[in-house]
Amino acid sequence: MKLICIGRNYVEHIEELENEKPTDPVVFLKPDTSILLKKQPFFIPDFSDDVHHELEILIKINKVGKHIDKKFAHKYYDELGLGIDFTARDLQSRLKEKGLPWEKAKAFDGAAVIGKWLPKKEFDDVNNIDFKLLKNNDVVQEGNTSHMLWKIDELIEYVSKYFTLKIGDIIFTGTPAGVGRVFANDKLKGFINEKELFSIIIK
Ligand code: ZN
């Protein structure tokens with residue numbers, strides 16, 4: 001399985017990193033080895049002094065598809081979740097400056113947190129879902145899927161032009177504003193509405 005990640009999908013986050021507004025979604029992959037194992041702490045890697053949390057809504061693909069039209073995209077997932085795209089921001093900035101790929105900053109072991117899944121049918125409208133991240137009990141990121149530049153079905157259409165989607169593939173749909181550094185002993189908890197979907201300790 002693969003993790004397909006979208007960058008720059010919320011205007012306020014583009015502004016906080018002083019990135020340009022994209023004309024197409026920014027897409028990158030993480031390997032399955034980047035998935036943080038259940039109940040394990042996240043260890044800050046020794047090659048970074050500035051690892052950031054990026055809280056993101058996740059989509060789990062439930063059937064094989066390629067060139068999926070956005071009007072059929074809703075048939076390709078029936079679960080949504082919440083996760084973190086951990087990013088070594090210092091390393092990413094150096095790679096970006098040189099125009100190099102981001103993988104070392106985004107795809108390292110443990111860099112993908114995947115919380116519990118919720119059935120899509122629990123939601124009246126997937127384009128109006130509130131989600132938030134608490135760090136040591138303070139809200140640090142808050143978002144709503146209505147603020148995505150590319151909505152879920154448009155993302156499925158877009159990424160399936162390039163990659164065949166397979167059962168179990170996961171799409172990370174991009175982070176809202178509020179990304180920030182994590183430190184040893186921080187505790188991060190992710191919520192959709194009032195439901196806690198993950199809780200992790202930083203080491
Ligand atoms: Zn991200």
Side-chain angles (χ1 to χ4, degrees), residues 1-36 42 44-45 47-48 50-61 77 80-96 100-115 126 129-135 139-152 154-156 158-159 162-163 169-182 186 188-192 197-198 200 202:
M1 57 90 78
K2 56 189 173 295
L3 310 178
I4 302 167
C5 305
I6 305 302
R8 301 179 201 167
N9 201 22
Y10 289 84
V11 174
E12 300 83 2
H13 172 62
I14 295 170
E15 288 166 354
E16 79 182 338
L17 292 189
E18 297 180 358
N19 281 321
E20 279 174 38
K21 251 182 230 169
T23 50
D24 285 302
V26 174
V27 179
F28 56 95
L29 300 179
K30 296 193 192 226
D32 56 6
T33 47
S34 68
I35 296 171
L36 185 67
F42 171 80
I44 296 171
F47 51 78
S48 176
D50 195 20
V51 171
H52 281 196
H53 53 76
E54 293 192 356
L55 181 70
E56 313 203 358
I57 291 285
L58 312 183
I59 306 300
K60 195 199 277 180
I61 297 298
Y77 68 102
L80 289 101
L82 189 68
I84 295 181
D85 163 23
F86 275 121
T87 304
R89 193 72 69 202
D90 43 359
L91 180 52
Q92 187 198 24
S93 300
R94 294 200 293 275
L95 295 167
K96 261 187 186 171
L100 293 170
W102 296 354
E103 274 76 3
K104 288 192 286 185
K106 289 270 198 187
F108 56 87
D109 289 0
V113 173
I114 296 170
V126 295
I129 297 175
D130 283 317
F131 57 102
K132 66 180 173 196
L133 182 70
L134 269 61
K135 186 169 110 168
V139 177
V140 286
Q141 285 197 272
E142 260 182 305
N144 182 288
T145 53
S146 64
H147 299 144
M148 288 180 174
L149 292 176
W150 286 275
K151 304 290 188 267
I152 293 168
E154 292 168 323
L155 291 174
I156 290 173
Y158 187 82
V159 299
Y162 298 89
F163 314 119
D169 287 351
I170 294 170
I171 302 176
F172 279 64
T173 59
T175 190
V179 302
R181 188 174 171 189
V182 294
D186 280 346
L188 302 179
K189 288 181 182 189
F191 293 81
I192 284 182
L197 299 183
F198 65 78
I200 53 168
I202 309 296

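If you're wondering where the values come from, they're calculated on a predicted model, not measured in any experiment. Remember, it's 1-based here, ligands and their atoms both numbered in the order they're listed. Side-chain atoms are counted along with the backbone in the values below, which use heavy atoms only and exclude waters and symmetry mates.
Within Glu54, the N, O or S atom at minimum distance from the Zn ion (ligand 1) carries the name OE1. Looking only at N/O/S atoms, Glu56 comes nearest to the Zn ion (ligand 1) through OE2. No other N/O/S atom of Asp85 lies as close to the Zn ion (ligand 1) as OD2 does.
Closest non-hydrogen pair, Pro176 versus Leu55, comes out as CD-O, 3.2 Å.
Remark: Asp169 pairs with Lys2 by the side-chain hydrogen bond (donor to acceptor under 3.5 Å, both in side chains) rule, at least two apart or across chains. Listed by chain and number, the residues in a side-chain hydrogen bond (donor to acceptor under 3.5 Å, both in side chains) with Lys151 amount to none (sequence neighbours excluded).
Using a 4.0 Å cut-off between charged nitrogen and carboxylate oxygen, Asp186 and Lys135 count as a salt-bridge pair.
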